[in-house]
Amino acid sequence: RESGPAPPQKTAAAPPAFTGTEASLRGRIQARKIVNVPVPVDGAVESFLADVGQSVYEGQLLAQIANTALESERDAALTELQRAQARLSSLESRLIAARLEASRARAEASRARNDADKSEKTYLRQQLLFREGAAARVSFEKSQAQFETDKTEFEHLDEMARLSEQNVDAQIRELDEA
C-alpha cells in the first residue's frame with residue numbers, strides 16, 4: 001500500500017481570546033468570611049435596620065443605638081443654646097430701650113438748649129436796656145434768673161443725654177460680646 005499524506009486530524013477550535021474589559025457570568029456568590037462589625041459607641045440598641053444573613057453594603061445604617069450620655073450632652077447643649085438665645089434677646093431689647101432713652105434725652109437737651117439760647121438773648125437785651133436805664137431792675141433780674149435756670153437745666157439734660165449715649169455704647173459692646 002502506498003501511503004500518501006495522512007489526512008488532517010480534526011481538532012477542537014481554540015476558544016476566542018478574551019479582549020473585552022468586562023465579563024458576564026451566571027452564578028451565585030457566597031460570602032467566604034463573615035465580619036463582625038464593632039460598635040464605636042456605648043449604648044442600648046433601639047432598632048435593627050438589617051436582619052441576620054441579609055446582604056448589606058458599606059456605609060449602610062444597620063442599627064440605631066441610644067446613648068444616654070450623648071443624649072444628656074445634647075440636652076445640656078440645647079439648654080445652653082436656649083439660655084444664650086434668651087440672653088441675646090434680652091440684650092437686644094435693652095439696646096432698643098437704651099437707644100429710645102438716648103434719643104428722648106438728646107431731644108430734651110436740644111429743647112433745653114433752644115430755651116437757654118432764647119433766655120440768654122432776652123437776658124443780654126435786658127442787661128443792655130438796664131445799663132442804659134431803659135428797663136426796670138425787676139425785668140433784668142427776672143430775665144437773668146430765667147437764663148440761669150434754663151442754662152442749668154440744659155447742662156443737666158445734656159449730661160443725661162451723654163450718659164444715655166454711653167449706655168447705648170455699653171449695650172452695643174455687650175451685645176457684640178454675646
Side-chain angles (χ1 to χ4, degrees), residues 20-123 143-178:
T21 58
E22 200 175 291
S24 176
L25 302 173
R26 290 181 191 213
R28 182 177 172 163
I29 298 175
Q30 206 166 22
R32 294 176 96 194
K33 182 179 178 183
I34 296 176
V35 177
N36 287 326
V37 179
V39 180
V41 294
D42 292 330
V45 176
E46 284 187 334
S47 64
F48 286 102
L49 304 174
D51 294 325
V52 175
Q54 178 182 352
S55 297
V56 294
Y57 56 88
E58 185 178 343
Q60 180 180 351
L61 187 61
L62 303 178
Q64 291 180 336
I65 300 173
N67 183 317
T68 54
L70 289 176
E71 288 176 4
S72 65
E73 285 180 29
R74 182 196 66 214
D75 292 344
L78 284 173
T79 302
E80 180 65 22
L81 174 64
Q82 290 170 346
R83 188 190 66 75
Q85 286 175 333
R87 182 170 185 261
L88 185 63
S89 178
S90 172
L91 288 173
E92 287 173 341
S93 296
R94 286 177 27 200
L95 176 61
I96 290 169
R99 283 183 172 159
L100 182 62
E101 176 60 25
S103 175
R104 185 202 58 77
R106 185 50 59 197
E108 284 293 314
S110 178
R111 181 201 52 79
R113 176 185 293 268
N114 288 340
D115 290 348
D117 288 346
K118 281 184 198 175
S119 61
E120 181 181 24
K121 287 179 185 175
T122 303
Y123 164 66
S143 66
Q144 183 181 19
Q146 183 65 43
F147 169 63
E148 293 298 327
T149 302
D150 288 348
K151 182 180 171 187
T152 303
E153 181 183 7
F154 163 69
E155 289 169 352
H156 172 72
L157 291 174
D158 190 52
E159 180 65 16
M160 295 299 290
R162 189 183 62 73
L163 291 174
S164 294
E165 289 162 352
Q166 286 178 347
N167 184 32
V168 168
D169 293 341
Q171 295 292 328
I172 289 172
R173 281 192 303 276
E174 190 174 352
L175 185 62
D176 288 344
E177 290 171 6

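What you are looking at is a predicted structure, and each value in this text was computed from that prediction instead of being measured.
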Spacing of [X] atom [atom1] and [Y] atom [atom2] [to the nearest 0.5 Å]:
{"X": "Glu46", "Y": "Gln64", "atom1": "CD", "atom2": "CD", "value": "6.5 Å"}
{"X": "Ser143", "Y": "Glu120", "atom1": "OG", "atom2": "CD", "value": "11.5 Å"}
{"X": "Lys151", "Y": "Tyr123", "atom1": "NZ", "atom2": "OH", "value": "9.5 Å"}
{"X": "Ser90", "Y": "Leu95", "atom1": "OG", "atom2": "CG", "value": "11.0 Å"}
{"X": "Asp150", "Y": "Asp115", "atom1": "CG", "atom2": "CG", "value": "5.5 Å"}
{"X": "Lys121", "Y": "Asp117", "atom1": "NZ", "atom2": "CG", "value": "6.5 Å"}

Identify the heavy atoms of [X] and [Y] that sit nearest to each other, and give their distance.
{"X": "Ala98", "Y": "Gln171", "answer": "CB-CG, 4.1 Å"}
{"X": "Glu101", "Y": "Ser164", "answer": "CG-OG, 3.8 Å"}
{"X": "Ala116", "Y": "Phe154", "answer": "CB-CB, 4.4 Å"}

Do the non-hydrogen side-chain atoms of Ile172 and Arg99 ever get within less than 4.5 Å of each other?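 SC-SC contact between Ile172 and Arg99 confirmed.
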Output all residues satisfying salt bridge (charged side-chain N to carboxylate O under 4.0 Å, His left out) with Arg173, sequence neighbours left out; order by chain, then residue number.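 With neighbours one apart ignored, the set is empty.
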Under the side-chain contact (heavy atoms from CB on, under 4.5 Å) criterion, do Glu174 and Arg94 qualify, and how do the steps go? CA-CA 10 Å; Glu174 190 174 352; Arg94 286 177 27 200; 3.2 Å; yes
If a pair satisfies salt bridge (Lys or Arg N to Asp or Glu O under 4.0 Å) and one of its residues is in residues 70-79, list it, with sequence neighbours excluded.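 Passing the test, one end in residues 70-79: no pairs.
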Electrostatic pair Arg87-Glu80, nearest N-O below 4.0 angstrom: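 Glu80 and Arg87: not salt-bridged.
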I would like to know whether Glu159 and Glu155 meet side-chain contact (heavy atoms from CB on, under 4.5 Å); could you show each step before the answer? CA-CA 6 Å; Glu159 180 65 16; Glu155 289 169 352; over 6 Å; no
Worked check of side-chain contact (heavy atoms from CB on, under 4.5 Å) between Glu153 and Arg111: CA-CA 10 Å; Glu153 181 183 7; Arg111 181 201 52 79; 3.1 Å; yes
Is the backbone of Lys118 close enough, under 3.5 Å, to the side chain of Thr122 for a donor and an acceptor to pair up by distance?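 Side chain of Thr122 to backbone of Lys118, a donor-acceptor pair under 3.5 Å: yes, one is there.
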Within the distance-only criterion (no hydrogens, no angle test), does the side chain of Ser89 pair as donor or acceptor with the backbone N or O of Gln85 below 3.5 angstrom?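 Absent.
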side-chain contact (heavy atoms from CB on, under 4.5 Å) evaluation trace for Arg106 with Glu165: CA-CA 9 Å; Arg106 185 50 59 197; Glu165 289 162 352; 3.1 Å; yes
